[in-house]
Visitor: 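Structure below; questions to follow.
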Amino acid sequence: MTYKIQFLAAAMVFLFPFFSQGEDISTISIEKNGDMVEAPAPAPVSPEAWIPKKVKKESSLQTEDQGLRQAVLDYFADSTYDESLMNYACNFTDLSGDGGKEALVLLESPYTDRDGKPELLIFTRDGEGWHMEQEITGISVPFLIPRRDKKAGSSDFSPLYFMEDEETGGTTVKKLSPQGHLYPLAANGEPVELKSLKKMKGQAFFCAVSKKKEPLRWFSLAPAETGNPSIS
């Protein structure tokens, strides 16, 4: 019995710093009338909770497209990045409404992530290959692309909607409205009201799981001879 008591006492001494130094996340500090006051922290929100019910959830390609893989490698060929540390996921969709599909490439690496968020690369068809159209850093996923109005007849890319964390601990949905084939910085997105999205239809890309129960699948850009797995 003595040994048990000594063991429990030692365990409590070891664990005590972790309990005593744990961060209190039940409240947050906010500014009110020029003063900083404590307020209840908002409940955590799932990254996909804001997506309207009528929006189709997509995960990513389950089989790697070799042409697109080469296009990503070619784009970073002149950089000093270590390809073995770079992973990507991909979806194809018609952003411009011209009948052809663009490639949405989500790149995860120590070089491109911003605040834990991956980088989005948009590739367009260029003959038999792919052309890198734009990089968008620090964009949250999943993001929503609304269904295009067939009467609009515009060749501009569709807007992107995504959920953004606020400094107060809350969340807001932002919209990136493109000018032609270029989107503004993710940080410059326009805040929108959730109720305005309620009946929206379209597709949400890079969800944890698609409607077909397919997972978000990552492919490694590491050379095959390294022995690293190409799929995660």
Side-chain angles (χ1 to χ4, degrees), residues 25-60 89 91-98 101-102 104-106 113-122 133-211 216:
I25 59 173
S26 60
T27 61
I28 58 173
S29 296
I30 62 173
E31 185 177 348
K32 185 176 182 180
N33 298 327
D35 298 321
M36 297 303 293
V37 298
E38 294 293 316
V45 179
S46 164
E48 299 179 15
W50 64 277
I51 298 174
K53 293 182 179 180
K54 295 182 179 180
V55 169
K56 183 180 179 181
K57 291 185 177 183
E58 305 282 358
S59 52
S60 63
N91 270 302
F92 293 125
T93 188
D94 184 1
L95 281 176
S96 60
D98 63 357
K101 291 188 176 183
E102 285 72 37
L104 306 175
V105 175
L106 199 63
D113 290 14
R114 298 290 182 272
D115 298 324
K117 300 172 186 175
E119 178 176 77
L120 176 66
L121 307 178
I122 300 175
E133 194 77 27
Q134 186 181 2
E135 297 177 71
I136 306 178
T137 59
I139 188 168
S140 301
V141 290
F143 52 77
L144 184 161
I145 298 177
R147 180 180 295 178
R148 180 178 291 273
D149 185 352
K150 294 182 179 179
K151 297 180 181 180
S154 172
S155 61
D156 289 358
F157 279 174
S158 298
L160 303 181
Y161 293 82
F162 61 98
M163 188 178 77
E164 186 76 1
D165 294 330
E166 298 173 343
E167 292 182 359
T168 58
T171 57
T172 186
V173 174
K174 290 188 175 182
K175 175 184 178 181
L176 292 186
S177 300
Q179 294 294 324
H181 287 186
L182 290 177
Y183 291 95
L185 299 174
N188 296 337
E190 316 157 44
V192 298
E193 295 185 7
L194 274 174
K195 63 180 181 181
S196 67
L197 306 178
K198 191 173 182 180
K199 296 182 179 180
M200 186 176 288
K201 296 180 181 180
Q203 291 175 287
F205 294 95
F206 303 110
C207 295
V209 178
S210 71
K211 189 175 181 180
L216 178 58

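These figures come from a predicted structure and were not determined experimentally.
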Visitor: One thing to verify: whether Lys117 and Glu164 come together as a salt bridge, which I'm taking to mean a side-chain N less than 4.0 angstrom from a carboxylate O.
Guide: yes

Visitor: May I ask you to check whether over 12 heavy atoms, not counting those of Asp115, lie within 6.0 Å of atom CG?
Guide: no

Visitor: Please list, chain by chain and in numerical order, all residues satisfying ring pair (Phe, Tyr, Trp, His ring centres under 6.0 Å) with Phe205, sequence neighbours excluded.
Guide: none

Visitor: Side chains of Tyr183 and Gln134: closer than 4.5 Å at any heavy-atom pair?
Guide: yes

Visitor: Do the non-hydrogen side-chain atoms of Phe157 and Glu133 ever get within less than 4.5 Å of each other?
Guide: yes

Visitor: What distance do Trp50 atom CH2 and Met163 atom CE have between them, rounded to the nearest 0.5 Å?
Guide: 8.5 Å

Visitor: Looking at every non-hydrogen atom in both residues, tell me the closest pair between Ala89 and Leu216 and how far apart they are.
Guide: CB-CD1, 4.0 Å

Visitor: First locate atom NZ of Lys56, then atom NZ of Lys201, and finally report the distance between them rounded to the nearest 0.5 Å.
Guide: 13.5 Å

Visitor: Can a salt bridge be assigned to the pair Arg114 and Glu119 using a cut-off of 4.0 Å between side-chain N and carboxylate O?
Guide: no

Visitor: May I ask you to test the Pro159-Pro146 pair for a side-chain heavy-atom distance under 4.5 Å?
Guide: yes

Visitor: Would you say that His181 contacts Ser96 through its side chain, given a criterion of any heavy-atom pair below 4.5 Å between the two side chains?
Guide: yes

Visitor: Centres of the Phe143 and Phe206 rings: under 6.0 Å?
Guide: yes

Visitor: Would you say that Asn91 contacts Leu106 through its side chain, given a criterion of any heavy-atom pair below 4.5 Å between the two side chains?
Guide: no

Visitor: I'd like to know if the side chain of Glu102 reaches the main chain of Ile122, judged simply by a donor and an acceptor atom lying under 3.5 Å from each other, with no hydrogens or angles considered.
Guide: no

Visitor: What I'd like to find out is whether the side chain of Ile51 reaches to under 4.5 Å of the side chain of Cys207, using heavy atoms alone.
Guide: yes

Visitor: Any chance you could measure Glu58, atom CD, to Leu104, atom CG, to the nearest 0.5 Å?
Guide: 10.5 Å

Visitor: Pair Thr137, Asp113 - check side-chain contact (heavy atoms from CB on, under 4.5 Å), show working.
Guide: CA-CA 7 Å; Thr137 59; Asp113 290 14; over 6 Å; no

